[in-house]
Amino acid sequence: NAGVTQTPKFQVLKTGQSMTLQCAQDMNHNSMYWYRQDPGMGLRLIYYSASEGTTDKGEVPNGYNVSRLNKREFSLRLESAAPSQTSVYFCASSGGGLKYFGPGTRLLVL
Amino acid sequence: KNEVEQSPQNLTAQEGEFITINCSYSVGISALHWLQQHPGGGIVSLFMLSSGKKKHGRLIATINIQEKHSSLHITASHPRDSAVYICAVPYGGSQGNLIFGKGTKLSVKP
C-alpha cells in the first residue's frame with residue numbers, strides 16, 4: 001500500500017498562474033481532505049470530501065477549487081495563484097477515525 | 001468554533017526524560033487526536049481518544065472530557081522522538097473535520 005500520495009512535491013509559480021495539486025489514496029477511504037500549513041499556524045482545512053461526488057468548503061476555501069474525481073483521487077486547483085497561497089499543502093484521508101496524510105506539496109508563489 | 005491551545009510551544013529534553021505535552025480546547029468534543037510531524041514534514045496520526053488513556057509503545061495519551069484537557073506523555077525519551085506534536089479536535093460538528101493546535105516542538109538531546 002502506498003497510502004496517500006501527492007504530486008508534485010515542490011512547485012514554483014508566478015502570480016496569476018494556475019496549477020492543480022494531485023492526491024490519491026489506496027485505502028478505500030470515503031473521506032478526503034486538503035489542508036494548508038503556514039509558519040506559526042496550525043493546519044487549516046481548505047476543502048473536504050465526505051464521499052465520492054461530494055465536496056464542501058473548509059475554513060479557508062477562497063482561491064481554491066477541488067474535484068473528487070473518484071473514490072481514490074481528490075485534486076486541488078489554484079486558478080490564479082497569489083503570493084498569499086505560498087504554503088505547504090497536505091492531502092489526507094480518514095478511515096477508522098484516524099487521519100492518513102500525504103507527504104505534502106511545498107508551493108512558492110512569486 | 002473550537003479553540004485549541006497547546007503547551008509548551010517548545011520543549012527541550014535530555015534523552016531518557018519523561019515528557020508531557022498539554023492540550024486544552026474550548027468546546028465539548030467526543031474525541032481528540034494527537035499527531036506527530038517529523039522534521040522532514042511528514043505527519044502521522046498517533047492517537048484518537050474519547051476517554052481515559054491510550055498507550056502505544058512509549059507514548060501515552062490521556063483525556064479528561066469534563067476538564068477539556070488532554071496530555072501526551074513520552075516515557076524514556078529518545079532523540080528520534082524529536083518532532084512537532086499536534087493536538088486536534090472536531091470542527092463544525094463533523095468528526096472528520098479537525099481544528100489543529102499550533103503544535104509543540106520537541107527536541108530530545110542525546
Side-chain angles (χ1 to χ4, degrees), chain A residues 1-6 8-11 23 25 27 29-52 54-61 66 68 74 87-108, chain B residues 1-10 21-27 29-51 54 56 59 61 63 70 72 83-105:
Chain A
N1 281 356
V4 180
T5 57
Q6 289 182 236
K9 284 189 167 51
F10 180 72
Q11 184 74 45
C23 173
Q25 52 92 9
M27 294 172 283
H29 289 161
N30 285 319
S31 299
M32 297 185 72
Y33 310 84
W34 275 105
Y35 297 97
R36 60 178 289 172
Q37 186 177 42
D38 301 295
M41 304 187 75
L43 287 153
R44 291 181 294 168
L45 182 65
I46 305 171
Y47 270 93
Y48 67 99
S49 171
S51 62
E52 185 179 351
T54 68
T55 61
D56 284 288
K57 294 178 180 179
E59 189 182 356
V60 287
V66 290
R68 183 73 183 267
F74 188 38
S87 188
V88 181
Y89 292 85
F90 288 95
C91 176
S93 67
S94 66
L98 291 180
K99 288 272 194 292
Y100 298 83
F101 287 82
T105 295
R106 191 171 295 272
L107 176 65
L108 175 62
Chain B
K1 178 182 168 180
N2 217 340
E3 301 290 337
V4 180
E5 296 288 337
Q6 287 186 237
S7 62
Q9 204 170 346
N10 292 284
I21 298 169
N22 296 298
C23 175
S24 298
Y25 50 92
S26 57
V27 179
I29 59 168
S30 57
L32 178 143
H33 296 249
W34 282 103
L35 307 103
Q36 179 192 54
Q37 186 166 25
H38 300 293
I43 301 173
V44 176
S45 283
L46 298 175
F47 297 103
M48 183 184 75
L49 68 165
S50 54
S51 65
K54 281 192 175 180
H56 186 249
L59 299 178
I63 188 167
S70 176
L72 178 67
V84 176
Y85 293 85
I86 302 168
C87 162
V89 299
Y91 161 87
S94 166
Q95 288 303 312
N97 299 340
L98 301 177
I99 284 274
F100 296 82
K102 294 180 182 179
T104 294
K105 186 174 182 180

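Keep in mind it's a predicted model, so treat the numbers as computed, not measured. Lettering follows sequence order; numbering is per chain, from 1.
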Exercise for the section: Measure B:Q6 against the heavy atoms of chain A and call it side chain, backbone, both or neither at under 4.5 Å. Expected result: neither
Completion exercise
By side chain to side chain contact (heavy atoms under 4.5 Å, CB included), B:S7 pairs with (sequence neighbours left out) B:N22
Handout entry: A:L45 portion near chain B, given a 4.5 angstrom heavy-atom threshold
Key = side chain
Fill in the blank from the handout: With sequence neighbours left out, the residues meeting ring pair (Phe, Tyr, Trp, His ring centres under 6.0 Å) with A:Y47 are none
Practice task
Measure from the side-chain N and O atoms of B:S45 to the backbone N and O of A:K99, and report whether any donor-acceptor pair falls under 3.5 Å.
Solution key: yes
Exercise for the section: Please examine the side chains of A:R44 and B:I99, heavy atoms only from C-beta on, and report whether any two atoms are closer than 4.5 Å. Expected result: no
Problem - Any side-chain heavy-atom pair of A:F101 and B:V44 under 4.5 Å - result: no
Handout entry: CG-CD distance between B:L98 and A:E59, expressed to the nearest 0.5 angstrom
Key = 11.5 Å
Completion exercise
Heavy atoms of A:L43 and B:F100 approach each other most closely as O-CD1, 3.3 Å
Completion exercise
In this structure, CD1 of B:I43 is separated from OH of A:Y35 (nearest 0.5 Å) by 9.0 Å
